[in-house]
K.L.:
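Structure in structure tokens, see below.
Note: hydrogens, waters and symmetry copies are ignored here, and every other heavy atom, side chains too, is used. Lettering of chains follows the sequences in order, A, B, ..., and the numbering in each one begins at 1.
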There are 2 protein chains.
Amino acid sequence: MQRPVPALQNSLLDALPPADLARFAQHIVQVELDRGRLLYDPGDQIDHIYFPHDGVISLMTLMENGQAIESTTIGPEGALGLMAAVAPRQSLSRAIVQTPLRAARISAERLHEAWERSATLRHLVDRHTEALYGHAIQSVACNALHSVEARFCRWLLTCHDRISTDTVALTQEFLADMLGVQRTTVTAVARSLQAKGVIRYRRGVVDIIDRAGLQALTCECYGVIRDTYQRLLGPAAGGLNGRGERWINGQ
Amino acid sequence: MQRPVPALQNSLLDALPPADLARFAQHIVQVELDRGRLLYDPGDQIDHIYFPHDGVISLMTLMENGQAIESTTIGPEGALGLMAAVAPRQSLSRAIVQTPLRAARISAERLHEAWERSATLRHLVDRHTEALYGHAIQSVACNALHSVEARFCRWLLTCHDRISTDTVALTQEFLADMLGVQRTTVTAVARSLQAKGVIRYRRGVVDIIDRAGLQALTCECYGVIRDTYQRLLGPAAGGLNGRGERWINGQ
DNA sequence: GCTAGACTGTCGAGAACTCGACACTCGCAC
DNA sequence: GTGCGAGTGTCGAGTTCTCGACAGTCTAGC
């Protein structure tokens, strides 16, 4: 089933007054990036900031042994590298495109100029930073306290909120990497969820069949993080519940 | 063994030009707070900002069932609630005093006024925010990937870096809460570490005997987080290695 | 000195996940 | 249609930690 295609919008850009947006609109480039695309690695200078319209970017923490795990994600409710609008800085994470991404991109320099002139933008950058921090600290707890199944469900729900279809292209290996678990554990959970009727999967693809069932199975972290984004960035922050709500009402 | 008593200093306050500091020094109150003191709960308005001179504040993520786990900590390299200097905000965590705390405290309003006038303070707030975020995302990975023993060692090292003695007053129950594990697991690890000669413990107290041994047993997260603070806030950020280094050289 | 409650020790069973490896499948590209 | 390599299925052994509960210890306060 194809969900209603949302307008190609990013919550932060949408929240800017038109006059503020006009100041830097000519510096914005629209990009489309394939799944798997590496945007930044730890230590890379953040020279561009991405405002997703659709799709998700995973921010991953890398280990010395090459292992990695997702710490937070960025979707249409936010922006990748936004703190670089305030001052030059280096990435702390590996940022990769998780699902096909359409985004507005602008150089950090240009956005810094806009930041200096727009109180609203400064406010949004500040709030987004806080939301991301809230996301991270909730994930600290989640990874320690919750089962792989709950986290698997959380991952799917978060992804679902930010894309325009019920179908997520992802391999079990990939999800195992994101969750920091073994691929065969993901296999076991996927089979269990399929048996419960909440998803259907085949090679490289997961279909979300029963979103409410997924929500019943996930941990509280899904809702806490969503609520944090909404409180700080408004109902449209969203990629999360704002859009989900429109869809539910329209169904 | 009593370590050299460090000057009662906070890295952020020390990094401010005297003229900037003078602007709000009369609004600073020195406080001493006992272990266990609750400073903020999630949702509380952050009305005061604490700059520890000595001691540690734990920031904990709370679960619905009352369970909790430490997401990050604040010591003399930083400040609790510092983002409230930028704009009014609510705490995302439960903040409790983990070891006896001596701190400089100032109202968020007053520090906001100073923030508006001091470019250095704005820079420090920005950098501290980033360091805290880096701390959190490393902890996301640590909690998922590393053993309780490694995390136990990390916890002790981090605490050791920020206090003036080799003796940490803490119960196994408390540490189990911080790490999000069962108390009996902490007992097992403590016994093992004692058998390895790196700590000695008795009821409610842990003595750090062999710091280098602890460092060999901990995970990479200890060093990564320490390096992030140093890179962003300078060598003195350091509750961490800066002070450790002085101590080692003086030995 | 004594007592009570907080703190640690101990335990067996169990759950959740890891490990490492190989077999099987399937979907895409030619 | 076909072949191949990526992706999933399966497996048994093992590890780490949880669970829940009770016994033993120790320290602070009276």
Side-chain angles (χ1 to χ4, degrees), chain A residues 34-36 63 65-69 98-100 141-156 167-196 199-207 217-219, chain B residues 34-36 63 65-70 98 100 141-156 167-196 199-207 217-219:
Chain A
D34 288 340
R35 185 159 64 97
M63 294 287 114
N65 65 2
Q67 207 175 4
I69 180 170
Q98 179 194 113
T99 65
C142 191
N143 281 356
L145 302 176
H146 298 142
S147 66
V148 177
E149 181 178 272
R151 290 156 56 212
F152 186 126
C153 293
R154 171 158 88 93
W155 197 95
L156 282 182
T167 297
V168 189
L170 83 150
T171 62
Q172 292 177 9
E173 183 79 54
F174 175 82
L175 187 53
D177 283 346
M178 295 298 106
L179 300 179
V181 300
Q182 216 191 5
R183 193 269 303 162
T184 50
T185 305
V186 169
T187 299
V189 174
R191 294 196 65 171
S192 168
L193 294 179
Q194 181 159 265
K196 287 168 182 168
I199 67 168
R200 189 173 54 224
Y201 73 90
R202 63 190 182 282
R203 194 186 158 86
V205 179
V206 176
D207 297 306
L217 291 169
T218 196
C219 49
Chain B
D34 289 339
R35 185 160 63 100
M63 293 288 112
N65 65 4
Q67 209 176 1
I69 183 171
E70 186 178 90
Q98 178 192 114
C142 190
N143 281 355
L145 302 177
H146 298 141
S147 67
V148 177
E149 180 179 273
R151 288 157 56 211
F152 186 124
C153 293
R154 171 158 90 92
W155 196 94
L156 282 182
T167 297
V168 188
L170 84 150
T171 62
Q172 292 176 8
E173 182 78 56
F174 175 80
L175 188 52
D177 283 345
M178 295 300 106
L179 300 179
V181 300
Q182 216 195 4
R183 193 270 301 160
T184 50
T185 304
V186 169
T187 300
V189 173
R191 294 197 65 170
S192 168
L193 293 180
Q194 179 158 269
K196 288 169 181 167
I199 67 170
R200 189 172 57 226
Y201 73 89
R202 64 190 182 281
R203 189 190 162 90
V205 178
V206 176
D207 297 308
L217 290 168
T218 196
C219 49

K.L.:
Please state how far atom CD in Gln172(B) lies from atom P in dC17(D), giving the value in whole angstrom units.
P.N.:
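It is 15 Å, rounded to the nearest whole Å.
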K.L.:
Using a 4.0 Å cut-off on protein heavy atoms (strictly under), produce a 5'-to-3' string for nucleotides 15-27 of chain C with B for base contact, S for backbone-only sugar-phosphate contact, and - for none.
P.N.:
--SBBBB---BBS
K.L.:
For the residue pair Asp207(A) and Arg202(A), establish whether any side-chain heavy-atom pair is separated by less than 4.5 Å.
P.N.:
yes
K.L.:
Test your reading of the model: is there a side-chain donor-acceptor pair from Gln194(A) to the backbone of Tyr201(A), 3.5 Å cut-off?
P.N.:
yes
K.L.:
Can you tell me how far P of dT16(D) sits from CZ of Phe152(B), to the nearest Å?
P.N.:
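Nearest whole value for this atom pair: 17 Å.
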K.L.:
Rounded to whole angstroms, how far apart are CG on Asp177(A) and P on dT8(D)?
P.N.:
12 Å
K.L.:
Measure the distance from CZ on Arg200(B) to P on dT8(C) and round it to the nearest whole Å.
P.N.:
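Nearest whole value for this atom pair: 16 Å.
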K.L.:
Measure from CD on Glu173(B) to C1' on dT8(C) and round the result to the nearest Å.
P.N.:
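Roughly 10 Å, once rounded to whole Å.
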K.L.:
Looking across every strand, which nucleic acid part, if any, lies under 4.0 Å from Tyr201(A) by heavy atom: base, sugar-phosphate, or nothing?
P.N.:
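Sugar-phosphate contact only - Tyr201(A) comes under 4.0 Å of backbone atoms but never of a base.
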K.L.:
Check the distance between dT8(D)'s C1' and Ile199(A)'s CD1 and give it to me in whole angstrom.
P.N.:
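Roughly 13 Å, once rounded to whole Å.
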K.L.:
Using residues 168-177 of chain B as the side-chain source, report each donor-acceptor pair under 3.5 Å to any protein atom, sequence neighbours left out, with the distance given to one decimal.
P.N.:
from	atom 1	to	atom 2	distance (Å)
Thr171(B)	OG1	Phe174(B)	N	3.0
Gln172(B)	OE1	Thr187(B)	OG1	2.4

K.L.:
Mind checking what makes salt bridge (Lys or Arg N to Asp or Glu O under 4.0 Å) contact with Arg183(A), not counting sequence neighbours?
P.N.:
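With neighbours one apart ignored, the set is empty.
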K.L.:
Measuring only between side-chain heavy atoms, which start at C-beta, is Arg151(B) closer than 4.5 Å to Glu70(B)?
P.N.:
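A side-chain contact under 4.5 Å is absent here.
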K.L.:
How many whole angstroms separate atom CG of Leu179(B) from atom P of dC17(D)?
P.N.:
11 Å
K.L.:
Which heavy atom in Ala141(B) sits nearest to a heavy atom in Ile69(A), and how many Å separate them?
P.N.:
CB-CG2, 3.3 Å
